[in-house]
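Just follow the structure's listing: the first ligand is 1, and inside any ligand the first atom is 1. Please read these numbers as outputs of a predicted model, since none were measured by experiment.
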Amino acid sequence: MEILLAAKAGFCFGVKRAIKTAYDTAREIDGEVATIGPLIHNPQVVSRLKEMGVHPVEGVKGFHGNTLVIRSHGVPPSVYVDAERAGVHLVDATCPFVKNAQDYASLLREEGYRVVIVGDRNHPEVQGIMAYAGDQAYVAVDAEDLGGLGKVRRIGVIAQTTIPLERFRSVVSHCLEIAGEVKVFNTICDATRIRQEEAQDIARKVDLMLVVGGRNSGNTTRLAELCRETGTRTIHLETVLEVDPAWLEWVEKIGITAGASTPEWIIREIVEKLHHLQESGEGAGGTAPQQEQN
Ligand code: SF4
């Protein structure tokens, strides 16, 4: 069995920066430190932070400590106002690429464009960007989702940083049909694009693709979707405990990638487990798993 491990698997620049910021803040600040929402969409990392005394809270309201860390997804502008009023110190770990998307959302709103954000309206990053884009902001997960928009004079389009380029392109193309003027800022981050392309490239070469990361992680779920689109059996797993020895019975090549919020130690444990199973000859009698649906 051969394992093809993606070079870009695991933490991206923005997540590494947010985790370092949270760890440094917890070490350096006296008093209670918390994060606004779970720091990243990975339950294992969030548990480790809790062990250090850093818990997620919903927001400034109801927080009685002195320091809050803003995660890489960013927050609406109202959070900065609330914090100042409440005397809560904010440590801002918003990813610079997300900040970029927030700034473009403000700019488009100020210039009078109806802002269309391509992404998942329930994702905290999108909820933050929406607040910069104004009351008229419209969130579309894909081109079909633009149905409620009707004819618009001027549309400004931006993207959630982790959506696939193809989806962004199709929404932009649809906007050209419904608006007199379309202004586009491609705010998809490069780390995401490179990771997605590499994952699909590996998926095309293997019998089984493993995508490692939190089930609540949007970018990991999208990676798994993109790998499935290649036709290769793809399994989204969170930890080594889900590795099934039966997989080794029917595969010659396994590909592994991981979402931007997946720590390196979780990926390493999975690779080591697969090597161990291979060396020990375990895994006899397995059957090929069905394509997993998330
Ligand atoms: S995926 Fe990109 S935008 Fe999101 S945190 Fe990582 S580097 Fe920043």
Residues Arg167, Glu229: salt bridge by 4.0 Å N-O rule | no
Would you check if atom 2 (Fe) of ligand 1 lies under 2.8 Å from any N, O or S atom of Cys189?
-> yes
Lys205/Asp201 ion pair, N-O < 4.0 Å | yes
Within a distance under 4.0 Å of any heavy atom of Gly14, pick out the atoms of ligand 1 and give their elements.
-> 5 (S), 6 (Fe), 7 (S), 8 (Fe)
Do NZ/NE/NH1/NH2 and the carboxylate oxygens of Glu269 and Lys273 come within less than 4.0 Å?
-> no
Heavy-atom closest pair (Pro38 atom, Val46 atom, distance to 0.1 Å) is CB-CG2, 3.9 Å
Considering heavy atoms of the protein only, find what lies nearest to atom 4 (Fe) of ligand 1 and give residue, atom and distance to 0.1 Å.
-> Thr161 OG1, 3.8 Å
What is the closest protein heavy atom to atom 6 (Fe) of ligand 1, and at what distance does it sit?
-> Cys12 SG, 2.2 Å
From the list Leu39, Leu49, Val69, side-chain contact (heavy atoms from CB on, under 4.5 Å) partner of Tyr23 resolves to Leu49
Would you say the side-chain atoms of Thr239 and Gln44 include a donor-acceptor pair closer than 3.5 Å?
-> no
Atoms of ligand 1 under 4.0 Å from any heavy atom of Thr192, numbered from 1 in the order shown, are 1 (S)
Could you see which bit of Asn219 sits under 4.0 Å from ligand 1, with heavy atoms only: side chain, backbone, both or neither?
-> neither
Which protein heavy atom lies closest to atom 8 (Fe) of ligand 1, and at what distance to 0.1 Å?
-> Cys95 SG, 2.3 Å
